Amino acid sequence: VMSFNMHHRDRTNELSAIADDLRGRSNEVPDFILLQEVMFSRSGKKGETNSAAALATELEYYCRGTKRSSDREGVAIASRYPFLYYASRELDAQTSRLLLGFNRVSVMGEFNVPEVGRVRVVNVHLTNWGFEEHVRRQQLTETLQWTAARQREVPAHVIIFGGDFNIGPDRDGLGLV
């Protein structure tokens with residue numbers, strides 16, 4: 001598993017270089033890539049509708065993603081395995097637009113992994129402001145509750161929960177995961 005904040009990278013040559021680097025690490029190529037700061041509505045780009053899908057195509061992976069409702073950015077999951085299920089959730093807890101907050105979204109994919117079974121992958125990109133720790137904690141709690149509800153509905157053998165938490169190693173929020 002790899003988590004990758006794309007930092008709005010959307011140049012074909014950059015995505016090709018990333019894919020080449022990953023392929024060059026034959027024993028380290030991840031089964032799942034959790035992508036944040038994915039660019040949607042790629043103006044002037046032919047082919048894939050978002051930068052995560054363009055990277056996934058380079059890797060010959062499957063990909064699903066969701067754009068935030070507030071701008072062109074979003075999150076996605078790229079996988080070596082086809083999706084059995086995909087869902088996204090715009091979070092209720094948000095940073096105020098007056099503080100340049102964006103509508104955060106969490107995504108979930110499920111996959112059948114040979115010799116493992118159903119694997120659920122959850123990807124987040126939580127609020128980035130240091131003074132918004134209470135909002136980040138609410139976003140994390142909300143996503144964990146959403147994941148738990150899905151687990152009760154359709155149990156998975158393994159749950160992978162990752163992404164860009166925007167939480168420093170000394171913060172309380174990590175204790176929730």
Side-chain angles (χ1 to χ4, degrees), residues 1-7 18-19 22 25-38 40 50-53 55-69 73-95 102-128 132-177:
V1 176
M2 180 175 108
S3 182
F4 175 43
N5 184 316
M6 298 185 81
H7 294 284
I18 293 167
L22 285 172
R25 303 167 184 231
S26 60
N27 61 342
E28 297 177 16
V29 179
D31 290 330
F32 304 104
I33 306 174
L34 287 61
L35 300 135
Q36 307 85 39
E37 294 190 20
V38 173
F40 286 78
N50 66 71
S51 55
L55 177 61
T57 297
E58 287 277 340
L59 293 168
E60 298 180 358
Y61 276 30
Y62 301 90
C63 185
R64 297 283 309 267
T66 299
K67 183 181 95 54
R68 301 188 304 205
S69 62
E73 184 181 311
V75 293
I77 300 169
S79 169
R80 179 185 311 269
Y81 306 99
F83 284 77
L84 298 173
Y85 172 84
Y86 178 83
S88 63
R89 178 182 177 99
E90 186 167 296
L91 301 175
D92 292 330
Q94 300 288 346
T95 297
F102 301 101
N103 293 337
R104 300 296 177 153
V105 62
S106 296
V107 298
M108 176 188 303
E110 294 174 9
F111 312 87
N112 184 28
V113 177
E115 299 179 25
V116 175
R118 184 177 287 263
V119 173
R120 179 170 297 120
V121 178
V122 180
N123 185 16
V124 301
H125 187 198
L126 306 179
T127 191
N128 59 314
E132 289 280 281
E133 194 164 320
H134 66 288
V135 173
R136 194 169 25 262
R137 177 178 285 280
Q138 290 172 332
Q139 291 172 341
L140 186 53
T141 299
E142 187 177 338
T143 304
L144 287 168
Q145 290 171 346
W146 178 53
T147 304
R150 177 67 181 166
Q151 180 68 7
R152 287 188 298 275
E153 186 179 311
V154 179
H157 294 91
V158 174
I159 298 173
I160 299 167
F161 194 97
D164 186 346
F165 294 92
N166 278 313
I167 300 173
D170 58 336
R171 298 288 187 207
D172 291 339
L174 282 179
L176 292 174
V177 180

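All residue numbers refer to positions in the sequence shown, counting from 1. Keep in mind it's a predicted model, so treat the numbers as computed, not measured.
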Sorted by chain and number, sequence neighbours left out, side-chain hydrogen bond (donor to acceptor under 3.5 Å, both in side chains) with Tyr86 holds for Thr66
query: Any side-chain heavy-atom pair from Leu144 and Phe161 closer than 4.5 angstrom?
result: yes
Scanning both residues in full, the closest heavy-atom pair of Gly163 with Leu34 reads N-CD2, 3.9 Å
### Message
For a 4.5 angstrom cut-off between non-hydrogen side-chain atoms, does Trp146 reach Thr141?
### Response
no
One should read off an interatomic distance between Ile33 CD1 and Met6 CE, to the nearest 0.5 angstrom, of 9.0 Å
Notebook entry, point to check: What's the verdict on side-chain contact (heavy atoms from CB on, under 4.5 Å) for Leu126 and Asp164, showing C-alpha distance, side-chain angles and the deciding distance?
Noted result: CA-CA 6 Å; Leu126 306 179; Asp164 186 346; over 6 Å; no
Judged by atom type as modelled, is there a donor-acceptor pair below 3.5 Å linking the side chain of Gln139 to the main-chain atoms of Leu91? no
Across all chains, not counting sequence neighbours, the side-chain hydrogen bond (donor to acceptor under 3.5 Å, both in side chains) partners of Ser3 are Gln36
- Query: Run the side-chain contact (heavy atoms from CB on, under 4.5 Å) check on Leu84 and Arg118 step by step: do they pass?
  - Reply: CA-CA 9 Å; Leu84 298 173; Arg118 184 177 287 263; 4.0 Å; yes
*asked:* Donor-acceptor check, side chain of Arg136 to backbone of Thr127, threshold 3.5 angstrom: yes or no?
replied: yes
Whether Arg120 side chain and Val154 backbone form a donor-acceptor pair below 3.5 Å
yes
Here the pair of heavy atoms bringing Ala93 nearest to Gln138 is CB-CB, 3.5 Å
If you define the side chain from C-beta out and look only at heavy atoms, does anything of Met2 sit under 4.5 Å from Leu22?
yes
So do Gln151 and Thr147 actually touch side chain to side chain, heavy atoms under 4.5 Å? no
Notebook entry, point to check: Would you say the side chain of Pro30 lies within less than 4.5 Å of the side chain of Val1, judging by non-hydrogen atoms?
Noted result: no
Residues 75-86 vs salt bridge (Lys or Arg N to Asp or Glu O under 4.0 Å), sequence neighbours excluded, gives Asp31-Arg80
Report task. For the residue pair Ser69 and Glu90, establish whether any side-chain heavy-atom pair is separated by less than 4.5 Å. Result -> yes
Scanning both residues in full, the closest heavy-atom pair of Cys63 with Ala76 reads SG-CB, 4.2 Å
Rounded to the nearest 0.5 Å, the OG atom of Ser79 sits from the CG atom of Leu59 at a distance of 11.5 Å
Residue pairs meeting ring-ring contact (aromatic ring centres under 6.0 Å, His included), one or both in residues 108-128, sequence neighbours left out, come to Phe32-Phe111, Phe83-Phe111
Residues at least two apart in sequence or cross-chain that pass side-chain hydrogen bond (donor to acceptor under 3.5 Å, both in side chains) with Glu153, listed by chain then number, are Arg150
Legend entry - Side-chain donor or acceptor of Asn123 paired with backbone N/O of Ile77 under 3.5 Å: no
Sorted by chain and residue number, the side-chain hydrogen bond (donor to acceptor under 3.5 Å, both in side chains) partners of Thr143 (sequence neighbours excluded) come out as Ser106
Do Val122 and Val107 have side chains that approach each other closer than 4.5 Å (heavy atoms only, starting at C-beta)?
no
Between Arg89 and Glu142 (salt bridge meaning N to carboxylate O under 4.0 Å), is one present in this structure?
yes
Here the gap from Glu110 atom CD to Tyr85 atom OH, rounded to the nearest 0.5 Å, amounts to 6.5 Å
If we only count heavy atoms from C-beta on, is the Leu35 to Val75 side-chain gap below 4.5 Å? no
